[in-house]
Novice: 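Before we start, here is the structure in question, set down as structure tokens.
Whatever order the structure lists them in is the order used to number ligands and atoms, beginning at 1.
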Amino acid sequence: MFDKVLIANRGEIAMRVVRACREMGIKTVAVHSTADANAMHVRMADESVCIGPPPAKDSYLNIPALIAACEITNANAIHPGYGFLSENARFAEIVTAHNLTFIGPTAEHIRTMGDKVQAKKTAKALGIPVVPGSDGAVLDADAPAIAAEIGYPVLIKAASGGGGRGMKIAESPDVLMEQISLARNEAKSAFGDDTIYIEKYLSTPRHIEIQVLCDMHGNALHLGERDCSLQRRHQKVLEEATSPALNSSQRSEIGEIVANAMRKLGYIGVGTVEFLYENGQFYFIEMNTRLQVEHPITEMITGLDLVREQIRVANGAELGLTQGDIEFRGHAIECRVNAENPVTFRPSPGTIRNWHTPGGLGVRVDSAAYAGYAIPPYYDSLIGKLIVHGRNRTECLMRLRRSLDEFVVDGVETTIPLFQRLMQEPDFQNGDYHIHWLEEFLSRG
Ligand code: ADP
């Protein structure tokens with residue numbers, strides 16, 4: 001097993017990786033920018049290295065500094081967490097070229113899935129259902145015929161897209177060319193690439209994603225789904241596992257399709273295959289080749305430690321599990337607690353004066369915050385994840401409600417009041433929502 005792992009990340013996810021390493025007897029190296037010198041992930045790790053000034057491009061994205069930090073600390077492997085360099089194929093190649101292990105899939109798989117047109121082609125070839133649409137990039141001259149065949153409304157998407165940018169809806173043929181031109185301009189300025197493709201626009205789908213876990217020996221398992229339909233500006237706000245929309249045979253069916261596809265691909269490590277789900281049909285949208293923010297809800301219902309498994313398989317171990325060993329027990333929900341105004345969502349950086357987290361049976365808080373912590377303005381506004389497990393969805397909701405009431409954060413505004421409001425909503429209580437539901441709820445005021 002690795003002797004020492006360097007964690008190329010910060011905040012709660014860096015702490016999550018330290019915890020898994022500790023339980024495995026692996027030493028840890030934290031890295032930090034000058035803005036994070038007092039951060040909890042730095043204090044928790046065995047060693048730490050300052051890798052640069054506050055802006056992420058000079059520190060957490062600074063590849064030479066990260067490699068140098070491995071060299072001076074004798075770390076054997078790098079865990080990238082999520083965000084930052086976690087889906088950077090070039091980084092994975094550089095890590096490997098320095099005789100270090102990248103805890104994640106191969107650079108080739110990261111690259112394939114990072115290109116949306118390529119990812120969709122690959123998924124389709126592996127037997128994963130995809131959104132009906134153009135077969136790859138679309139030229140202006142061919143667009144009207146392609147869109148007519150798909151059927152309106154259509155969605156124009158940027159091949160290099162991310163974060164919902166470069167995406168435009170065309171409701172009818174008379175606005176198609178105008179929307180394509182808007183999408184191209186947005187994509188050009190955001191990604192330096194104006195390649196677009198066209199898809200059928202689904203009106204009120206759910207976002208349902210399948211977690212996979214694979215080793216280097218041809219074993220590929222699915223760990224069920226997460227329902228991440230509660231989103232604001234394409235950002236997930238609350239996630240639940242299992243999905244209120246699926247039964248166990250639907251779960252096994254899509255899970256097996258995805259696990260078989262990953263086996264054929266030779267995928268290694270953890271990954272998530274994301275779908276839109278409408279009228280009983282799954283439509284692939286993208287694959288994330290990393291650990292996700294919402295991974296704990298899968299851990300709560302399967303009892304598996306996904307970070308431990310990631311580290312084991314990166315070191316060449318066999319999973320030692322079969323699909324039949326994976327049981328889905330109870331229900332779990334995660335709330336992303338952000339330091340933001342719960343109505344305007346404006347970031348609320350500042351110093352946390354009081355920090356009291358809920359506890360008790362089935363309650364988990366993954367966070368790097370503490371009383372006295374000054375939230376730096378340079379990074380994202382996630383200050384903690386409240387994860388609650390119950391024997392069924394009803395118990396989980398009651399537990400979540402009382403946990404939100406116990407959570408005290410003073411000094412900065414948080415999204416906790418938003419979750420408290422959500423708990424009162426019959427649609428949410430009934431699990432009856434889709435990807436636009438939250439924005440509709442918020443616009444009602
Ligand atoms: P990005 O990488 O830019 O986030 P995705 O392909 O993951 O783009 O899509 C982001 C979000 O856009 C989805 O979660 C969904 O809300 C919406 N979306 C994507 N494709 C479609 C589609 N064909 N129909 C309707 N909504 C879509």
Side-chain angles (χ1 to χ4, degrees), residues 82-83 86-88 110-124 128-138 146-147 149-171 176 179-180 182-210 225-240 243 245 271-279 281-290 292-294 336 380 433-442:
Y82 53 67
S86 61
E87 289 180 297
N88 184 315
I110 298 173
R111 193 164 279 132
T112 303
M113 293 303 171
D115 172 334
K116 306 193 79 147
V117 169
Q118 203 51 43
K120 199 173 166 185
K121 278 192 179 155
T122 306
K124 197 173 170 187
I128 294 176
V130 301
V131 189
S134 61
D135 228 6
V138 171
I146 291 171
E149 195 184 326
I150 296 167
Y152 287 88
V154 295
L155 187 65
I156 300 143
K157 295 172 95 169
S160 307
R165 277 179 301 176
M167 223 187 276
K168 296 283 169 212
I169 303 170
E171 297 283 355
L176 178 70
Q179 294 300 85
I180 288 182
L182 288 173
R184 284 201 200 278
N185 286 340
E186 204 171 296
K188 183 86 191 166
S189 63
F191 315 109
D193 170 14
D194 68 357
T195 311
I196 55 110
Y197 63 105
I198 303 181
E199 271 182 1
K200 173 92 196 136
Y201 177 73
L202 304 169
S203 62
T204 52
R206 299 181 81 107
H207 172 117
I208 297 182
E209 57 187 35
I210 305 293
E225 82 283 12
R226 293 184 288 260
D227 194 317
C228 312
S229 303
L230 290 178
Q231 303 182 354
R232 181 180 167 269
R233 297 195 175 161
H234 301 303
Q235 301 294 313
K236 297 164 186 169
V237 171
L238 174 151
E239 305 93 354
E240 55 183 315
S243 168
T272 301
V273 179
E274 298 191 336
F275 294 95
L276 295 177
Y277 176 79
E278 192 170 70
N279 299 325
Q281 298 292 317
F282 284 94
Y283 303 97
F284 171 88
I285 44 171
E286 68 174 343
M287 177 168 185
N288 290 314
T289 53
R290 55 170 167 83
Q292 284 190 285
V293 176
E294 62 273 23
R336 298 191 187 197
D380 72 22
Y433 56 79
H434 51 74
I435 60 170
H436 306 297
W437 185 90
L438 183 63
E439 290 193 349
E440 289 166 11
F441 166 72
L442 293 169

Novice: For atom 13 (C) of ligand 1, what is the nearest protein heavy atom, given as residue, atom name and distance?
Specialist: Ile285 CD1, 3.9 Å

Novice: Given the rule in the side chain to side chain contact (heavy atoms under 4.5 Å, CB included) test, do Met287 and Val273 qualify, once you have shown the distances and angles that lead to the verdict?
Specialist: CA-CA 4 Å; Met287 177 168 185; Val273 179; 4.0 Å; yes

Novice: So does Arg336 pair up with Glu294, basic N to acidic O under 4.0 Å?
Specialist: yes

Novice: Just which atoms of ligand 1 are under 4.0 Å from any heavy atom in Gln231?
Specialist: 14 (O), 16 (O)

Novice: Looking only at protein heavy atoms, which one is nearest to atom 8 (O) of ligand 1, and how far off is it?
Specialist: Lys116 NZ, 2.8 Å

Novice: On a heavy-atom basis, I'd like to know which of Lys236, His234, His436 is closest to atom 17 (C) of ligand 1.
Specialist: His234

Novice: Using distance alone, determine whether Glu274 and ligand 1 share an N or O pair under 3.5 Å.
Specialist: no

Novice: So Ile156 and Leu176, side chain to side chain contact (heavy atoms under 4.5 Å, CB included) or not? Walk me through it.
Specialist: CA-CA 9 Å; Ile156 300 143; Leu176 178 70; 4.3 Å; yes

Novice: With side chain to side chain contact (heavy atoms under 4.5 Å, CB included) as the test, would you mind laying out the steps for Glu209 and Lys236 before giving the verdict?
Specialist: CA-CA 12 Å; Glu209 57 187 35; Lys236 297 164 186 169; 2.9 Å; yes

Novice: With rounding to the nearest 0.5 Å, note down the distance linking CD in Glu240 to OH in Tyr433.
Specialist: 3.5 Å

Novice: Ring-plane angle category for Phe282 and Phe275, please: parallel below 30°, perpendicular beyond 60°, tilted otherwise.
Specialist: perpendicular

Novice: So which heavy atom in the protein is nearest atom 3 (O) of ligand 1, and how far is it from that ligand atom?
Specialist: Gly164 N, 2.6 Å

Novice: Looking only at heavy atoms, is any part of Ile435 under 4.0 Å from ligand 1, and if so is it the side chain, the backbone, or both, or is it neither?
Specialist: side chain

Novice: Regarding atom 23 (N) of ligand 1: of the candidates Met287, Arg233, Lys200, Gln235, which has the closest heavy atom?
Specialist: Lys200

Novice: Only one of Arg226, Arg290, Glu286 forms a side-chain hydrogen bond (donor to acceptor under 3.5 Å, both in side chains) with Thr272, so which one is it?
Specialist: Arg226

Novice: Tell me which protein heavy atom sits closest to atom 10 (C) of ligand 1, plus the residue, atom name and distance to 0.1 Å.
Specialist: Met167 CE, 3.8 Å

Novice: Below 4.0 angstrom from a heavy atom of Glu199, which ligand 1 atoms are there? Numbered from 1 as shown, please.
Specialist: 20 (N), 22 (C), 23 (N)

Novice: Is there a polar contact, in the sense of an N or O pair closer than 3.5 Å, between Leu276 and ligand 1?
Specialist: no

Novice: Taking atom types as modelled, find out whether Glu225 and Ser243 have a side-chain donor-acceptor pair closer than 3.5 angstrom.
Specialist: no

Novice: Any side-chain heavy-atom pair from Ile180 and Lys168 closer than 4.5 angstrom?
Specialist: no

Novice: Of all the non-hydrogen atoms in the protein, which one sits nearest to atom 24 (N) of ligand 1, and at what distance?
Specialist: Leu202 N, 2.9 Å

Novice: Starting from atom 19 (C) of ligand 1, which protein heavy atom do you reach first, and at what distance in Å?
Specialist: Lys157 NZ, 3.4 Å

Novice: Would you check the N or O atoms of Glu286, main chain and side chain alike, for any that come under 3.5 Å of an N or O of ligand 1?
Specialist: yes

